[in-house]
Undergrad: 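Shown below is the structure under consideration.
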Amino acid sequence: MAERITGEMIEYVGILAKLALSEEEKAQAGRDMERMLGYIDLLNEVDTEGVDPMTHLFSVANVFREDVVTNGDGSEAVWAGAPGGVKEGGLKAPRTLE
Amino acid sequence: MSRQYETVIGLEVHIELATRTKIFCGCSTAFGGAPNSHTCPVCTGMPGSLPVLNRRVVEHAVAVGLATNCRITQYCKFDRKNYFYPDNPQNYQISQLYLPICRDGWIEIGTAAGRRVVGIHEIHMEEDAGKLIHDEWEDCTLVDFNRSGVPLIEVVSEPDMRSAEEVIAFLEKLRLIVQYLGASDCKLQEGSMRADVNLSVREMGSGTFGTRTEMKNLNSFKAVTRAIEGERRRQIELLEEGRPVIQETRRWDDNKEYSYAMRSKEDARDYRYFPDPDLPPVVIDDAWIEAIRARQPELHEAKLARYQAEFGLPAYDAGILTSDKRLADLFEATTALCGRPKRVSNWLMVETMRLLREHERGADQLDFSPENLAKLIGLQERGVVNGTVAKRIFEIIFTEDIDPEAYVREHGLETVGDEGAIRRAVEAVMGANPQSVADYHGGKKKAMGFLVGQAMRAMGGRADPGAVNRIVRQMLEGDASGDLG
Ligand SMILES: [Zn+2]
């Protein structure tokens, strides 16, 4: 099977996912992705003529909530998970550009 | 400039839906909560939390789709749009890429150039992001997730508009439709309606589109107009100099009247959309669509026609009264209470508009109750207060929504119809102004107006002006002994 996952592609996916990958991790990720594509190749051999694309794992639809407030003040829990600390109720984050 | 250019504009309009709760969790959408108080594991992207769709969001989206002549996608679903940014706690936004809820609609707009149909490519449902505030002191960003997960629809138009005027007409029409449906309050200034403008220019007669840019940060109709004119100029200048227009997102600075290229979110154009596995599909059957259609309230154009037919209002007046849902609601509720459509229209068209201008407020910010305006109209009709006093009271209704009946009682503002009291006041004024009396008898009939004014003033403006006029005239004509009863 031809190599379809190039080093450049791994680099790009790493940037998109904000992951700093070591050379070894890149190689491993490349092998994993090749195997995934191989599995897709297998699926592609199946005749799917007339079969609708699957959009969800379970055959359920229309799971709704009514428009009623059920949640109270959640700020304590949010603050507890703020790595940069809290100021005036807001979570401190590095300065964003723009 | 020798060559003629045509501007091609399409819009992406984000509208915050009027729901009590967020799109996927039971957190409140109310404005003004303390930062991060309207949050839960779902809208802050905690692993393991499960989003569940708010039924009302679907109903609002379908209602807007039907009112804009769209096809409803009867099997629709949600997708994840992946990007990293501090306002996005999940690192993806739940949106609809593949099967948006509404498609292929249109809105008819009217401008000086005539009527024109603007296509609607699609309308999709999605969630809003959190709010970022720059902290000057610590040079950091403060994140507030209260808006995170607030339901939005994004209305994507076809590139069918050719001028700023048409864009404004489209936005105004869309705003009226959505407001009338009760799907959103559509306040540009407060951000519940936000427009991104996609603009390109091409030589007149060209069949292909030029390269377009997308402009963000347009929070008023005036800003939209200025941004379109500024960006059109910028692109034409580039083309005239033989330089290319670069496809990019630009941020409009309304103070400097110039747009700036935004720093790209590091290759984030690649959003790697995929179906959201947490959310099962939404199936909208015919019965549901028909139920939503049946609940559709009277929309703007129907109301405009009815006001003229049912209440006998001129087209211009009906146009103003229906130009804002809040104003139309006030008109109808007040008319239902007092049965005097023309008087109600008059109060809204003249005094209300004057006060709105004076207070620099929009009609959507009107907050006095129809009961109080109806009572005021009743007081004036029964002659309890005169026109001058009614205007004074209305100003207080406008700002404080007071009960005019109680106010008139407490402040003793009833019109003085007691002829004896008026006569005493007129006598005193004539005694104090012998020159004016002499002027009148000398042929200067205008002197009478002065005496009437003085008498009204002496009575604190509360006298029945008709009675004062009559009594002053009678007394000047030497008929003071006549029948004053
Ligand atoms: Zn929540």
Side-chain angles (χ1 to χ4, degrees), chain A residues 5-6 8-21 29 33 36-37 40 43 51-98, chain B residues 19-22 24-30 33-44 46 52-58 75 77 82 84-87 91 98-99 131-135 138-145 251 262-263 266-268 270 272 275 277 279-284:
Chain A
I5 302 294
T6 63
E8 269 167 39
M9 207 179 284
I10 296 288
E11 201 76 46
Y12 178 62
V13 171
I15 290 168
L16 286 177
K18 296 246 189 291
L19 293 175
L21 299 172
M33 285 159 83
M36 290 176 212
L37 286 185
I40 302 293
L43 294 179
V51 178
D52 284 334
M54 188 179 77
T55 52
H56 199 261
L57 274 176
F58 307 110
S59 56
V60 288
N62 291 6
V63 177
F64 296 121
R65 338 177 335 265
E66 296 310 315
D67 187 26
V68 177
V69 177
T70 51
N71 297 341
D73 187 338
S75 49
E76 293 284 345
V78 178
W79 295 334
V86 174
K87 183 177 179 181
E88 288 153 12
L91 313 187
K92 284 207 265 186
R95 186 197 147 122
T96 49
L97 294 160
E98 292 175 349
Chain B
T19 56
R20 290 187 197 93
T21 61
K22 294 185 177 181
F24 299 121
C25 62
C27 288
S28 168
T29 55
N36 291 303
S37 58
H38 299 164
T39 55
C40 74
V42 172
C43 58
T44 52
M46 291 298 149
V52 183
L53 180 58
N54 183 340
R55 183 195 303 270
R56 188 169 290 270
V57 172
V58 179
Y75 184 92
K77 66 183 182 70
N82 299 278
F84 291 94
Y85 210 63
D87 64 6
N91 297 335
Y98 300 106
L99 296 169
K131 200 169 93 186
L132 302 179
I133 304 152
H134 179 62
D135 183 87
E138 296 185 41
D139 196 29
C140 66
T141 295
L142 299 177
V143 189
D144 175 3
F145 290 128
R251 184 185 174 85
M262 279 165 72
R263 182 173 172 275
E266 289 181 66
D267 303 314
D270 188 344
R272 293 147 295 142
L279 290 156
V282 178
V283 177
I284 307 167

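In what follows, chains are A, B, ... by sequence order, proteins preceding strands, each numbered from 1.
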Undergrad: Can you check whether B:Leu142's main-chain N or O pairs, donor with acceptor, with B:Asp135's side chain at less than 3.5 Å?
TA: no
Undergrad: B:Asn54 side chain to B:Phe24 main-chain N or O, any donor-acceptor pair under 3.5 Å?
TA: no
Undergrad: Please test B:Thr21 against A:Arg65 for side chain to side chain donor-acceptor pair (under 3.5 Å), starting from the C-alpha separation and ending with a verdict.
TA: CA-CA 10 Å; B:Thr21 61; A:Arg65 338 177 335 265; 2.5 Å; yes
Undergrad: Check whether any side-chain N or O of B:Arg55 sits under 3.5 Å from a backbone N or O of B:Leu53 as a donor-acceptor pair, and report yes or no.
TA: no
Undergrad: Report the distance from atom CZ of B:Arg56 to atom CD of A:Glu66, rounding to the nearest 0.5 Å.
TA: 8.5 Å
Undergrad: Can you measure from NZ (B:Lys22) to CG (A:Asp67) and round to the nearest 0.5 angstrom?
TA: 13.0 Å
Undergrad: At under 4.5 Å between heavy atoms, what parts of residues 77-86 of chain A are in contact with chain B? List them by residue number.
TA: A:Val78, A:Trp79
Undergrad: Can you tell me if B:Ser37 uses its side chain to pair, donor with acceptor, with the backbone of A:Ser75 under 3.5 Å?
TA: no
Undergrad: May I ask you to name which of A:Pro94, A:Ala61, A:Ala93, A:Gly90 has the most heavy-atom pairs under 4.5 Å with chain B?
TA: A:Ala93
Undergrad: Which of the residues A:Asp73, A:Asn71, A:Val60 is involved in the greatest number of heavy-atom pairs with chain B at under 4.5 angstrom?
TA: A:Asn71
Undergrad: Can you say whether B:Cys25 sits under 4.5 Å from chain A via the side chain, the backbone, both, or neither, judging by heavy atoms?
TA: both
Undergrad: Provide the closest heavy-atom pair for A:Phe64 versus B:Val58 in the form atom of the first, atom of the second, distance.
TA: CE2-CG2, 3.9 Å
Undergrad: Given a strict heavy-atom distance threshold of 4.5 Å, which part of B:Pro277 is in contact with chain A: side chain, backbone, both, or neither?
TA: backbone
Undergrad: For residues B:Asn91 and B:Tyr85, is any side-chain donor paired with an opposing acceptor at under 3.5 Å?
TA: no
Undergrad: Which one, B:Lys131, B:His134, B:His38, leads in non-hydrogen pairs under 4.5 Å with chain A?
TA: B:His134
Undergrad: Supply the atom-to-atom distance B:Thr39 OG1 to A:Glu76 CD, rounded to the nearest 0.5 angstrom.
TA: 10.0 Å
Undergrad: Using non-hydrogen atoms only, which part of B:Leu279 is less than 4.5 Å away from chain A: side chain, backbone, both, or neither?
TA: backbone
Undergrad: If you count heavy-atom pairs within less than 4.5 Å of chain A, which of B:Leu132, B:Asp144, B:Asp139, B:Thr44 leads?
TA: B:Asp139
Undergrad: Name the option with the most non-hydrogen atom pairs under 4.5 Å to chain B; the candidates are A:Val68, A:Val63, A:Asn62.
TA: A:Asn62
